[in-house]
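Below you'll find the structure, written out as structure tokens, and then a few comments.
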Amino acid sequence: KRQIMFSASKPISILFALVFVLIPLNAGFAQKKAENQKATVTKESKQLLKDAMEALKKAVKEDLTLERKRCMLLIVERFDGGDRNLKNSAAKALARQLKTRDTDMRDEALKALSNTGPEAAKYITLEIKGAAAKKSLAYKCDCIEALGQLQDPKSISYLLKLFHNKDQAV
């Protein structure tokens with residue numbers, strides 16, 4: 001009898017990533033594209049997104065934790081109602097929340113960004129390269145997963161580069 005043992009090697013890491021990140025990523029592109037095409041951008045939908053962004057700004061200024069979380073959820077819900085510029089602004093507003101020292105708030109912001117659209121990819125990519133991800137491997141892995149959840153075709157090349165990371169857990 002022969003036993004097959006798996007070691008923490010690159011082929012296993014790549015296989016894991018293909019099965020759990022890239023294949024679902026590719027499968028989700030068509031669905032995500034169809035969902036985005038259904039969203040109709042109207043003057044009202046754009047205003048609702050702007051209102052949610054203003055409410056987030058106010059909640060941050062007044063240091064209202066629960067209100068910040070609620071506003072992030074509102075931005076995610078209303079994200080598809082914005083035009084390209086407004087979506088970029090909304091993603092940037094959510095990305096600002098990643099800079100907090102409050103890890104719970106940072107995790108909520110990352111989750112919110114992962115549920116928006118490709119406009120958030122650049123902010124999550126920067127976060128993967130940032131200080132918080134360097135300090136915490138778990139957070140770095142959460143950022144990588146969030147980037148995969150965006151299902152942005154432009155992010156695939158960056159995700160593939162991460163396979164050559166010296167830390168096997170990534």
Side-chain angles (χ1 to χ4, degrees), residues 13-14 16-57 59-60 68-100 105-134 136-165 170:
S13 297
I14 291 171
F16 178 81
L18 286 173
V19 171
F20 293 104
V21 176
L22 295 179
I23 292 173
L25 181 65
N26 284 327
F29 285 144
Q31 180 183 0
K32 187 81 166 182
K33 193 176 235 182
E35 288 172 4
N36 286 342
Q37 288 174 349
K38 290 178 190 174
T40 305
V41 178
T42 64
K43 191 174 183 178
E44 183 180 282
S45 67
K46 289 169 40 174
Q47 188 58 50
L48 287 171
L49 182 54
K50 286 179 185 177
D51 292 346
M53 291 171 21
E54 282 300 315
L56 177 60
K57 191 185 289 187
V60 168
R68 283 170 74 181
K69 290 179 182 181
R70 188 185 74 75
C71 291
M72 286 190 287
L73 289 173
L74 279 175
I75 290 172
V76 170
E77 287 174 8
R78 299 172 178 178
F79 191 79
D80 288 333
D83 59 18
R84 186 175 174 190
N85 290 333
L86 195 53
K87 286 181 178 182
N88 282 327
S89 296
K92 188 174 183 177
L94 290 172
R96 280 190 213 109
Q97 306 311 304
L98 295 171
K99 301 305 175 197
T100 182
M105 184 63 67
R106 190 177 61 207
D107 292 343
E108 289 292 325
L110 184 61
K111 187 180 356 175
L113 276 169
S114 74
N115 287 302
T116 56
E119 295 82 4
K122 64 183 172 186
Y123 300 109
I124 295 175
T125 301
L126 288 172
E127 194 67 12
I128 292 169
K129 298 174 184 179
K134 288 178 182 173
S136 169
L137 181 59
Y139 182 64
K140 184 173 191 169
C141 290
D142 289 345
C143 291
I144 293 168
E145 184 179 340
L147 186 60
Q149 286 178 354
L150 287 176
Q151 301 177 350
D152 177 28
K154 295 176 185 174
S155 298
I156 292 176
S157 62
Y158 183 72
L159 288 168
L160 287 172
K161 286 180 188 176
L162 292 172
F163 291 133
H164 302 292
N165 193 300
V170 172

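Taking the side chain as every heavy atom from C-beta outward, Leu98 and Leu126 never approach each other to under 4.5 Å. Looking only at side-chain heavy atoms (C-beta outward), Lys111 and Met72 stay at 4.5 Å or farther from each other. In this structure, Leu73 and Lys69 have side chains that are not in contact, with every pair of non-hydrogen atoms separated by 4.5 Å or more. Within the 4.5 Å cutoff, no side-chain heavy atoms of Asn115 are placed close to those of Phe79. Looking at Val60 and Arg96, their side chains never come closer than 4.5 Å, going by heavy atoms from C-beta outward.
Scanning both residues, Ala112 and Val76, for their nearest heavy atoms gives O-CG2, 3.4 Å. Counting all heavy atoms, side chain and backbone alike, Asp152 lies closest to Ala121 at OD2-CB, 3.4 Å. In terms of heavy atoms, Ala95 sits closest to Leu113 at CA-CD1, 3.9 Å. Contact record, Cys71 with Ala52: CB-O, 4.1 Å, taken as the closest heavy-atom pair. In plain terms, the two heavy atoms of Leu110 and Ala146 that are nearest each other are CD1-CB, 3.8 Å.
Considering Leu56, Asp51, Leu48 in turn, Leu56 is the only one that fulfils the side chain to side chain contact (heavy atoms under 4.5 Å, CB included) rule with Ile75. The only option from Arg84, Lys46, Lys87 that meets the side chain to side chain contact (heavy atoms under 4.5 Å, CB included) definition with Val41 turns out to be Lys46.
Atoms CD and OH, from Gln97 and Tyr123 in turn, are 13.0 Å apart once rounded to the nearest 0.5 Å. Interatomic distance, CD of Glu119 versus CG of Asn88, reported as 5.5 Å (0.5 Å rounding). Rounding to the nearest 0.5 angstrom, the gap separating the CD atom in Gln149 from the CG atom in Asp142 is 9.5 Å. A distance of 9.5 Å separates CG of Leu49 from CG of Asp80, quoted to the nearest 0.5 Å. Here the straight-line distance linking atom CG of Leu159 with atom CG of Leu147 works out to 4.5 Å at 0.5 Å rounding. Taking CG of Leu94 as the reference point, atom CE of Met53 lies at 9.0 Å (rounded to 0.5 Å).
Panel note: side chain Ser155, backbone Gln151; no donor-acceptor pair is recorded below 3.5 Å.
Partners of Arg70 by side-chain hydrogen bond (donor to acceptor under 3.5 Å, both in side chains), not counting sequence neighbours, listed by chain and number: Glu67. Every side-chain hydrogen bond (donor to acceptor under 3.5 Å, both in side chains) that Lys99 has, sequence neighbours left out, goes to Glu127.
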